[in-house]
Structures are given as structure tokens and as C-alpha cells.
Amino acid sequence: MPIPADWPTSEAEALAEQERLRALVEPYGPGPAEGDLVAGVDVAYDDERDLVVAAAVLLDHTTLRVVEEATAVGRIAFPYIPGLLAFRELPAVLDALAALTRTPDLVVCDGYGLAHPRRLGLASHLGVLTGLRTYGVAKTPFTFTSTAPGSERGSWAPLMDVPAGEGGEPGPGEGRAEEVVGRAVRTRTGVKPVFVSVGHRIGLDEATASTLHLARDYRQPETTRRADSLCRRALTDLQRASA
DNA sequence: GCGACAG
DNA sequence: ATCTTGTCGC
């Protein structure tokens with residue numbers, strides 16, 4: 001599928017679109033239920049040929065069994081600009097999700113949701129566009145900060161957005177308060193944490209519990225691992241086919 | 001202006 | 001994201 005005709009073309013348009021969508025995010029809701037289908041999505045790029053391959057892998061959230069897989073190929077829709085990642089990745093991701101024969105009850109993204117400069121990371125953006133329940137799991141702190149969670153699997157610490165220029169005590173009426181935007185979660189004992197944030201229609205406690213369930217054997221959720229390997233394999237296959 | 005910066 | 005070998009450890 002081609003990139004949507006109304007997809008933002010400039011940074012200014014993208015910022016305006018985020019401003020419009022941010023009001024529609026619902027940062028609360030239940031976690032997955034017994035037998036729910038969870039989708040993992042991820043993308044791989046070939047900047048040389050301006051190609052992007054997205055993968056969507058459906059798992060049974062309870063058993064972690066793979067139920068279905070789908071991929072989609074497209075043109076890169078937007079340059080990589082921190083804070084505007086969704087505009088680069090989502091067109092292909094939407095196509096991959098559409099290629100599934102079943103609708104996921106939850107989508108786990110590789111990146112952030114509410115933990116975003118304007119509170120609309122790709123997970124939240126995807127949730128608002130599709131109405132699906134979503135959350136994000138990122139591998140690095142981006143611009144946020146947290147204290148180190150305990151070293152045991154299951155430990156976590158709040159992920160904070162610290163307003164710029166806040167060194168001392170912000171007197172009454174001065175500055176903006178620090179805001180909890182997610183959690184640094186230790187999914188494996190002794191291994192660096194991942195960063196969980198709400199996307200849409202799910203709460204932070206629920207997203208954290210789901211992450212720990214999906215990341216029982218590895219640092220990253222099984223959904224992300226499966227989607228990551230699938231899209232890279234698909235990209236490699238595609239590259240070798242055209243050569 | 002400069003540096004930092006999800007993937 | 002992607003470019004890239006071997007190596008230490010469970």
C-alpha cells in the first residue's frame with residue numbers, strides 16, 4: 001500500500017498532527033485477558049533503496065505461542081527525527097497489521113507511548129489511529145530519567161520527564177512539575193532495564209505486568225523479538241531477491 | 001548557537 | 001535503524 005495521501009510531509013505538519021491526536025489518547029484501561037491475542041510490530045529499513053519492511057506477529061498472550069505472522073513493504077514515509085518517529089514507521093506498520101486475518105486485542109510497540117515530548121509517541125499514535133489497545137517498550141531512556149530499578153527481575157522505577165532548566169527548588173508558581181511518563185522495568189535480573197510507557201486504552205500498571213509476562217526469558221518482550229527477527233528476515237530476503 | 005535525541 | 005569479529009560467560 002502507498003503512503004496515505006494525507007500523511008505529513010513536513011516537520012510542521014507532523015507537529016500539528018501530533019497536537020491534534022494527543023487529546024484523543026486514553027492512558028488507562030485493563031490489561032490483556034486470558035487467551036487474548038497480542039501483536040508485536042517492528043520495522044527494518046533499506047535507506048539505499050528507500051524501502052521499509054514492517055512485521056506484525058500475533059501471539060496468544062497466555063501461552064506466548066505464535067498464532068500468525070504478516071509483513072508489508074513500502075517506501076520510507078518520513079525522515080528520522082527524534083520525536084517524530086511515528087511518521088516514519090506507522091504507514092508500513094498499519095499495512096502489516098491489516099495483513100493479519102485477526103484483530104489483536106493489544107499491540108506492543110518498539111518505542112514509546114506517552115513518554116514523548118508531546119505525549120504522543122508511536123505507541124499512542126498507533127492506538128489513536130486504530131482504536132487498538134497499545135503500549136510501548138523502548139530500549140533506551142530517550143530524553144527521560146529514572147533512578148536505577150532494583151537488580152531483581154520485576155523491579156521498576158518511575159520514568160520522569162524533567163522540564164528543562166530545573167536545577168533548584170522551583171518556587172511556588174514557577175516552572176512545571178516533573179511528570180511520571182512511564183517506568184524503567186527490570187525484566188531480567190542483572191540486565192539493564194527496558195522502558196515501558198502507556199500507548200492507548202491501557203494503564204501503566206497493566207502495561208508493566210504485561211511486559212514482565214512477555215519478557216520472561218529475555219530482556220525484550222517476546223512480541224518485539226518475534227517482530228524484529230521477522231522484519232529483518234523479510235528485508236534480507238527482499239534484498240537478495242532483487243540482486 | 002550547541003548538544004542530545006525512541007528506531 | 002545500520003555498518004561489523006571475536007569473545008566472555010551461563
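Per chain, numbering begins at 1; letters A, B, ... match sequence-line order. Not measured: the values here are computed from a predicted model.
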Below 4.0 angstrom from OP1 or OP2 of [N], is there any side-chain N or O of [X]?
X: T140(A); N: dC5(B); value: no
X: R88(A); N: dA6(B); value: no
X: K139(A); N: dG7(B); value: yes

Suppose we call two aromatic rings close when their centres sit under 6.0 Å apart. Are Y80(A) and Y45(A) close by that rule? no
Taking a hydrophobic cluster as the set of Ile, Leu, Val, Met, Phe, Trp and Tyr residues connected by side-chain heavy atoms closer than 4.5 Å, whether directly or through intermediates, do V25(A) and Y112(A) fall within one such cluster? no
Give the dot-bracket line for DNA chain B from 5' end to 3' end: parentheses for intra-strand Watson-Crick or G-U pairs under 3.5 Å, square brackets for crossings, | for inter-strand pairing, dots for unpaired. .......
Between [N] ([atom2]) and [X] ([atom1]): distance, integer Å:
X: Q220(A); N: dA6(B); atom1: CD; atom2: P; result: 14 Å
X: L85(A); N: dA4(B); atom1: CG; atom2: P; result: 20 Å
X: L51(A); N: dG7(B); atom1: CG; atom2: C1'; result: 17 Å
X: L126(A); N: dG7(B); atom1: CG; atom2: P; result: 16 Å
X: L120(A); N: dG7(B); atom1: CG; atom2: P; result: 17 Å

Centre of Y218(A)'s six-membered ring, under 6.0 Å away, within 45 degrees of the axis: is that where NZ or CZ of R225(A) sits? yes
Check for me: is Y45(A) stacked on dG7(B) by the 5.5 Å centroid and 30° plane-angle rule? no
How is [X] classified with respect to the nucleic acid when contacts are heavy atoms under 4.0 Å: base, sugar-phosphate, or nothing?
X: A44(A); answer: sugar-phosphate
X: L122(A); answer: base
X: G83(A); answer: base
X: D46(A); answer: nothing

Which residues satisfy the side-chain hydrogen bond (donor to acceptor under 3.5 Å, both in side chains) test with D205(A), sequence neighbours excluded? R183(A)
Looking only at dT2(C), dA6(B), dG7(B), the nucleotide nearest the F142(A) side chain is dA6(B)
Name the closest nucleotide to the T143(A) side chain, picking from dC5(B), dA1(C), dA6(B). dC5(B)
Check this for me, if you would: do R188(A) and E152(A) make a salt bridge, where the nitrogen-to-carboxylate-oxygen distance has to be below 4.0 angstrom? no
Are H125(A) and F87(A) close enough, and set up right, to give a ring pair (Phe, Tyr, Trp, His ring centres under 6.0 Å), and what steps lead you there? CA-CA 9 Å; H125(A) 197 138; F87(A) 297 98; 5.1 Å; yes
In the structure I gave you, are the side-chain heavy atoms of L84(A) and F78(A) within less than 4.5 Å of one another anywhere? yes
